[in-house]
Chemist: 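Sending over a structure as structure tokens; questions will come in a sec.
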Amino acid sequence: MTLLTVRDLRVGFGRDPRANEVVKGVSFTLGAGKTLAIVGESGSGKSVTALSVNRLVDFGGGRITGGSIVLERGDGSRLDMTTADEATLTHVRGRDVGMIFQEPMTSLNPVHTIGAQIEEAFRLNRGLTGEAATRAAREALERVRIPDAAQRLKYYPHQLSGGMRQRVMIAMVLASNPRLLIADEPTTALDVTVQAQIMALLAELREELGMAMIFITHDIGLVAGIADEIMVMQHGVAVEQGSLDAVLDNPQHDYTRHLLNAVPHFTFGNTVRDDGTRNGQPPIVTVDNLAVRFPVTRGLFRRRTGAVHAVDGVDFDLVPGETLAIVGESGSGKSTTARAILGLVQATRGRIDAKSGRSGRPVQMVFQDPYASLNPRLNVEGLLAEPAIAAGQRVDAKLRERMVTLLERVGLSRDALTRYPHQFSGGQRQRLCIARALMLNPDVVVLDEAVSALDVSVQARVLDLLIDLQREFGLAYLFISHDMAVVERIAHRIAVMYAGQIVEIGKAAAVLATPQHSYTRRLIAAVPAVARRRQRFTVDATQVPSLVRPVGYEPPPAQWREAGDDHRVRVEETA
Amino acid sequence: MMGLIRAIARHPSGRIGAAIVLIYIVAALLAAAGLTPHDPLQQFRIDRLKGPNGTYWMGTDLLGRDTMSRLMLGIGQSFTIAFSSVALATLAGTIIGLVAAWWGHLWDGVLMRIMDVLLAFPAILLAMLIVAIAGTGTWTSIAAIAIVYTPIFARVVRGPALSLKQRDFVDAARTFGSSQGFILTRHLLLNLVAPLTVQVTLALAWALLTEAGLSFLGLGTQPPAPSLGVMLSESKNLMTQAPWLMLFPGLAIMLGILGFNLFGDALRDILDPKTQGRAA
């Protein structure tokens with residue numbers, strides 16, 4: 001029984017849609033209750049294809065220029081979505097085709113409680129009012145595994161975490177009991193353990209309700225656990241489509257193979273680097289009992305009512321030529337640690353010693369977002385000159401020669417000097433940032449989620465570049481990331497951060513292969529992997545504890561236990 | 001820069017605005033060089049209250065002075081005051097806005113509250129108040145108008161500066177150890193050039209109007225020196241006998257403001273960050 005049949009779909013944008021086609025003849029069928037994953041990098045046309053199914057693409061300026069999209073509706077009738085009128089489409093979008101988006105904060109109205117918004121969905125789609133709507137809303141929240149559903153109905157979107165908000169969105173979509181759910185990168189904005197929870201939830205709901213799903217993602221590793229069929233898209237064309245196992249195990253098209261290779265495969269510590277340099281040299285950076293707290297104030301007179309313990313009692317050291325990865329979720333304090341080392345936030349307590357080795361500023365940083373970390377009004381020469389000017393050097397032929405050398409070293413050409421940031425792609429910009437960080441010949445480079453914003457294939461090349469540069473210049477890296485697979489590729493040692501504290505630290509192979517702390521285990525279990533597609537995850541609704549503490553609170557001293565050579569674990573409180 | 005000029009030439013209304021502003025500037029420069037059709041202050045007694053004709057293109061006034069020559073000189077006077085006051089307001093407003101955004105806390109609170117107080121007065125009333133206290137004259141006019149429009153620049157600078165301050169490239173600059181002055185000029189100010197340019201053009205239109213208003217009320221330029229407001233004021237008793245005396249200065253003010261506004265709107269379109277991809 002086919003639910004959806006798409007034939008030779010073409011979609012274009014702009015004044016002349018036929019000349020600017022983004023989707024160039026895509027065909028697929030989707031059976032009732034089945035899941036199709038559309039995989040591709042940014043600009044491949046995957047979102048546009050999916051948005052064409054419920055014709056939301058019209059609102060983004062797109063025009064369907066050819067082909068047909070036939071949907072079987074609830075009453076058994078068939079409807080060609082490409083020719084349907086707007087009134088019918090509104091009805092279809094409410095009843096038959098549900099959609100969840102990437103960013104759950106912007107899809108929810110911030111001035112209404114989530115209860116009111118879910119009730120609205122029930123009112124519009126099922127005609128429920130009053131008591132009945134409230135009860136339906138509570139049941140919907142329970143169905144998406146939100147604890148204390150009755151209480152949470154009164155919450156506003158900003159009071160919920162990203163994962164919770166995405167569940168609320170799913171609850172709203174379920175109000176119409178759709179036959180087809182379109183999920184457009186629903187977990188990209190979420191942390192990895194939350195991502196695993198949402199994926200598990202979607203899989204469970206699919207079984208319960210028997211709905212079909214179109215799942216759009218750039219991460220081919222993620223779909224392994226949920227999809228029945230995969231369609232790989234590149235430049236608006238479906239380059240390969242087939243059943244999950246056929247595509248993953250026996251990819252036919254070069255691009256699919258390329259994607260599968262580029263996705264960092266997580267192998268539980270089997271492929272960590274073995275060129276570690278920890279053999280008794282003095283550390284270049286020592287962090288001792290670092291604490292960063294932000295005051296929480298209340299009322300007119302800014303009375304201090306407590307403090308956010310963003311980072312608490314963090315110690316580690318870093319020797320030349322080594323990569324220490326700090327992994328953790330958003331809010332775990334990993335970025336705050338990095339910013340404290342660079343002096344961008346004030347440490348409340350603790351010592352940070354950075355030996356000034358080759359230059360006056362031994363620690364440099366590369367930021368996550370390559371679009372925000374380069375001043376758009378300066379050309380590359382101006383950008384690269386800045387660290388040198390700050391260090392009191394003159395902008396002369398010698399400095400320009402160094403710029404060119406570094407640009408060529410990171411894979412950019414000499415004529416890049418006169419160009420502006422907007423003329424480069426994301427990956428090239430990140431290379432610029434790396435070159436800029438190397439201008440002063442530092443000993444340590446802090447990489448704060450430096451490859452997270454890049455497409456997977458670009459990510460792989462930047463990682464390779466970083467490893468080459470490390471060997472060539474003997475750099476030490478402090479690599480901050482939430483992505484275990486990326487960390488496995490570059491780290492010698494790993495520190496796992498949770499709720500502002502390091503809970504486990506040690507050799508990469510040891511931490512990844514034999515994780516000791518329960519949080520590390522959870523983090524590793526949540527990594528999506530092609531190899532583990534048979535494994536089923538259960539929904540785990542554990543929340544990160546609040547970091548707000550009353551004034552004067554001091555955490556109890558940490559208890560550590562050794563778990564082998566260079567592998568320490570914080571002893572967990574038994575509650 | 002050439003790209004900007006070309007973009008304005010392509011912009012349908014920006015073209016017109018730029019042309020008007022350019023004509024005014026040429027007229028003012030000619031007047032300043034003494035190249036008016038007649039001496040603007042000389043009284044041709046036999047040709048009093050003549051309508052527009054071959055000799056006097058825009059007619060003559062009650063004292064027999066050539067309206068066109070006076071208009072050109074008046075435009076020069078009005079433009080001098082408008083440009084100087086806007087330049088002062090831009091300078092003061094930018095500094096205040098940057099200081100408020102960068103140092104924040106007390107600086108932000110105190111400076112921006114003062115700006116709010118200034119902004120609470122209607123522009124012309126505040127200007128009159130300042131002139132009434134300091135006395136009339138070209139310099140007090142410039143100072144008065146500058147004070148009136150400073151808060152607008154402070155606000156235009158403070159908002160974007162606050163958000164630029166949070167951007168990663170400012171943090172990056174701090175990690176290199178760049179000095180505050182360097183960050184303020186290269187990273188904040190350079191990114192504020194576009195909104196400031198638009199604001200300057202629009203403020204010129206308002207300054208022109210405020211100057212005309214002050215002169216009309218006798219608080220700006222003092223006769224016999226001509227300015228657009230003074231000429232309007234002198235013509236008001238002769239409205240029925242010599243309508244051209246009111247028509248030409250009135251039109252000059254209207255077209256001037258229209259020109260600056262069109263020019264400013266075009267700049268806003270061209271410098272809009274959403275279309276920034278191409279013009280560097």
Side-chain angles (χ1 to χ4, degrees), chain A residues 302 335 338-345 354 356 359-380 382-393 418-423 429-430 432-434 436-440 442 444-446 448-450 453, chain B residues 1-4 7 94 98 101-110 113 157 160-198 267 270-280:
Chain A
R302 306 266 168 90
S335 282
R339 296 171 76 85
I341 290 170
L342 281 142
L344 291 174
V345 295
S356 53
S359 75
R361 293 216 156 233
V363 189
Q364 291 295 322
M365 181 155 173
V366 175
F367 292 80
Q368 171 170 6
D369 184 355
Y371 293 87
S373 54
L374 297 171
N375 184 344
R377 295 254 158 205
L378 292 177
N379 64 12
V380 172
L383 290 167
L384 292 182
E386 186 173 352
I389 294 171
Q393 296 175 22
T418 54
R419 289 158 70 193
Y420 285 84
H422 69 260
Q423 294 168 299
R429 284 173 184 230
Q430 206 57 305
L432 277 179
C433 291
I434 294 168
R436 180 171 67 169
L438 295 180
M439 277 301 286
L440 289 184
V444 181
V445 180
V446 176
D448 186 4
E449 299 272 11
Chain B
M1 196 62 205
M2 284 314 287
L4 191 65
T94 306
L98 276 182
W102 189 253
W103 279 283
H105 300 299
L106 197 62
W107 284 102
D108 193 21
V110 171
R113 286 308 78 73
V157 166
L162 273 179
S163 87
L164 284 168
K165 189 183 150 186
Q166 305 289 335
R167 295 278 289 277
D168 280 350
F169 59 76
V170 173
D171 275 343
R174 287 188 221 218
T175 66
F176 307 139
S178 293
S179 65
Q180 277 188 15
F182 189 88
I183 295 175
L184 280 172
T185 49
R186 294 273 277 190
H187 293 307
L188 296 193
L189 212 48
L190 199 61
N191 280 290
L192 289 168
V193 166
L196 271 176
T197 315
V198 175
L267 279 180
I270 293 161
L271 297 173
D272 188 320
K274 280 175 207 136
T275 57
Q276 270 287 292
R278 292 165 298 274

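Proteins get letters first, then strands, A, B, ... in listed order; numbering begins at 1 in each.
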Chemist: How many angstroms lie between atom CG of A:L344 and atom CZ of B:R174, to the nearest 0.5 angstrom?
Modeler: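 It comes to 7.0 Å.
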
Chemist: To check you understand the geometry: which heavy-atom pair defines the closest contact between B:N191 and A:R377, and what is its length?
Modeler: OD1-CG, 3.1 Å

Chemist: Taking all heavy atoms of B:S178 and all of A:E386, pick out the closest pair and write down the distance.
Modeler: OG-OE2, 3.0 Å

Chemist: CZ/A:R339 to CG/B:D171 distance, rounded to the nearest 0.5 angstrom?
Modeler: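 Those atoms lie 4.0 Å apart.
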
Chemist: Hey, could you give me each pair passing side-chain hydrogen bond (donor to acceptor under 3.5 Å, both in side chains) that has a residue in residues 365-374 of chain A? Not counting sequence neighbours.
Modeler: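 Those involving residues 365-374 of chain A do not exist here.
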
Chemist: Output the distance between atom CD1 (B:I183) and atom CG (A:N375), rounded to the nearest 0.5 Å.
Modeler: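 Answer rounded to 0.5 Å: 11.0 Å.
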
Chemist: Nearest heavy-atom pair of A:I389 and B:F182: which atoms, and what distance?
Modeler: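 Minimum heavy-atom separation between A:I389 and B:F182: CG2-CE1, 3.8 Å.
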
Chemist: I need the minimum non-hydrogen distance between A:R361 and B:T175, along with the two atoms involved.
Modeler: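 Reported closest heavy-atom pair: NH1-O, 3.2 Å.
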
Chemist: May I ask you to check whether over 12 heavy atoms, not counting those of B:W103, lie within 6.0 Å of atom CH2?
Modeler: yes

Chemist: For the candidates A:L374, A:V446, A:N379, A:L383, which exhibits the highest count of non-hydrogen atom pairs separated by less than 4.5 Å from chain B?
Modeler: A:L374

Chemist: Can you name the closest pair of heavy atoms from B:F176 and A:A390 and give their distance?
Modeler: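 Smallest interatomic distance, heavy atoms only, reads O-CB, 3.5 Å.
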
Chemist: Under the side chain to side chain donor-acceptor pair (under 3.5 Å) rule, collect the residues that match up with B:D168, sequence neighbours excluded.
Modeler: none

